[in-house]
Amino acid sequence: MRKKVLIDCDVGVDDALALILAFHSPELEVKAITGVNGNVPLDTVFINIQKMLSLIQPACKPLIARGADQPLKGEAIHAHSVHGQDGLGGAKIQCKDGETWWLSYPRHASELILKMAHQYPNEITLIAVGPLTNLALALKQDPAGMKKLKELAIMGGSVRTRGNVTPYAEFNIFSDPLAAQIVFESGLPITLVPLDVTHQVFLTPDWMEERVKPIGNAFSQFVIEATGYDTEAHWFKNRDAIFLHDPLAVAAVIEPKLVKTEKLPLQVETKEGKYYGKITEFKDGPKIEVGLGVDAERFLEIFLSRLV
Ligand code: RIB
Ligand code: CA
């Protein structure tokens with residue numbers, strides 16, 4: 001049986017790679033994709049979801065919906081320096097006019113999440129790879145409905161390692177800590193895929209040369225362009241490696257034993273200040289399965305083999 005999944009994302013480069021992996025994995029059936037403000041503004045996220053579906057051309061068109069354009073509290077932040085102005089590192093994707101590889105859902109993403117949960121009780125795995133605003137809004141709207149989700153897989157946080165926005169906080173959580181706290185306290189079964197494990201999975205110039213370039217198809221070309229890999233100079237234009245944060249969250253659903261987890265009581269710092277968005281282990285916090293170890297080699301094999 002294929003796992004029915006809904007992907008909530010802020011397409012950005014690694015979100016885009018996660019979508020390719022999800023649709024190229026026979027273990028998964030992607031029923032819906034929802035967009036949230038994050039790496040780039042919501043409008044750009046939604047355009048990127050459509051661009052990626054035009055590239056992937058899924059056999060079964062998923063429902064897509066727009067979600068929150070700002071966090072529950074505070075200002076919207078973005079990560080253009082990492083993902084580029086367009087959120088896809090400038091990668092060029094040909095979209096044929098009038099061709100749509102999706103089914104547009106006219107209402108808010110939080111309503112699509114709830115629709116899926118009610119329509120497929122205890123079958124939907126929600127893979128969240130952006131700020132958790134849409135999930136928190138759905139929980140506020142219909143907590144009982146959200147309890148019909150089978151499980152959540154969340155890319156976010158840094159539990160026993162440094163953050164990537166501040167020394168203490170990771171981008172998805174820092175973008176909307178209040179939403180993260182609401183989701184963590186929901187009682188839903190959560191597997192958290194934090195920087196503790198996603199910083200162990202990355203593409204290097206050698207991988208690009210030996211495993212990506214030789215594929216020679218539209219997907220490998222997208223990886224080259226979106227990651228800013230210079231095929232002449234054999235390096236990434238503005239960094240040493242590309243972390244595969246979001247694809248690991250998808251892979252953890254494909255093959256759960258890839259990520260070694262520990263059940264930890266967590267809390268999120270929602271007060272403004274130095275530790276804003278920090279996740280800490282707190283004895284009275286909700287218990288969450290936290291990824292602390294990963295079979296990086298096995299993950300890379302899964303990711304690279306599914307670019308074809
Ligand atoms: O910190 C990494 C996460 O923040 C990834 O999901 C990336 O896409 C950004 O959203
Ligand atoms: Ca993301």
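Note that the numbering runs from 1 along the sequence shown for the chain. In listed order, ligands and their atoms are each counted from 1. No experiment lies behind these values; they were computed from the predicted model shown.
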Residue Asp246 atom name (nearest to the Ca ion (ligand 2); N/O/S): OD2
What N/O/S atom of Asp10 is the closest to the Ca ion (ligand 2)?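 Per the distance ranking, Asp10 contributes OD1 as its closest N/O/S atom to the Ca ion (ligand 2).
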Heteroatom proximity flag, Val129 to ligand 1, N/O under 3.5 Å: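 Yes.
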State whether the shortest distance between N or O atoms of His245 and N or O atoms of ligand 1 falls below 3.5 angstrom. no
From Leu126 atom CG to Leu135 atom CG, the distance as rounded to the nearest 0.5 Å: 5.0 Å
For the atom pair CG (Asn164) and OG1 (Thr198), what is the distance rounded to the nearest 0.5 Å?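 So the gap between those two atoms works out to 7.5 Å.
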Looking only at protein heavy atoms, which one is nearest to [atom], and how far off is it?
atom: atom 9 (C) of ligand 1; answer: Asn39 OD1, 3.1 Å
atom: atom 6 (O) of ligand 1; answer: Asp246 OD1, 2.6 Å
atom: atom 4 (O) of ligand 1; answer: Asn172 OD1, 3.2 Å
atom: atom 3 (C) of ligand 1; answer: Glu170 OE2, 3.3 Å
atom: atom 8 (O) of ligand 1; answer: Asp14 OD1, 2.5 Å

Is the side chain of Lys31 donor-acceptor paired with the backbone N or O of Met116 at a distance under 3.5 Å, no angle test?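 Side chain of Lys31 to backbone of Met116, a donor-acceptor pair under 3.5 Å: no, none is there.
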Do the side chain of Asn172 and the main chain of Gly157 share a donor and acceptor less than 3.5 angstrom apart?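 Not a single qualifying donor-acceptor pair exists.
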For atom CG of Asp284, decide whether the heavy atoms of other residues, nucleotides or ligands shown that lie under 6.0 angstrom number more than 12. yes
Exceeds 12 heavy-atom contacts within 6.0 angstrom, atom CH2 of Trp235: no
Test of understanding: given a 4.0 Å heavy-atom threshold, classify the contact between Val165 and ligand 1 as side chain, backbone, both, or neither.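 None of Val165 does.
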With a 4.5 Å limit on heavy-atom distance, are the side chains of Val223 and Leu17 in contact?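 Yes, at least one pair of side-chain atoms sits under 4.5 Å.
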Tell me, please, if Asp14 has any N/O/S atom, main chain or side chain, under 3.0 Å from the Ca ion (ligand 2)?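 For Asp14, the answer is no, given that no N, O or S atom comes within less than 3.0 Å of the Ca ion (ligand 2).
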So does Gly12 have any N/O/S atom less than 3.0 Å away from the Ca ion (ligand 2)?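 No.
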Ring-plane angle category for His199 and Phe243, please: parallel below 30°, perpendicular beyond 60°, tilted otherwise. tilted
Qualifying residue for salt bridge (Lys or Arg N to Asp or Glu O under 4.0 Å) with Arg66, from Asp8, Asp10, Asp43: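 Of all the options given, the one that passes is Asp43.
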Going by the atom numbers of ligand 1, which of them fall below 4.0 Å from some non-hydrogen atom of Met155?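 Near Met155, meaning under 4.0 Å from one of its heavy atoms, ligand 1 has 2 (C), 3 (C), 5 (C), 6 (O).
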If you count the atoms of ligand 1 from 1 in the order shown, which ones are under 4.0 Å from a heavy atom of Asp15? 8 (O)
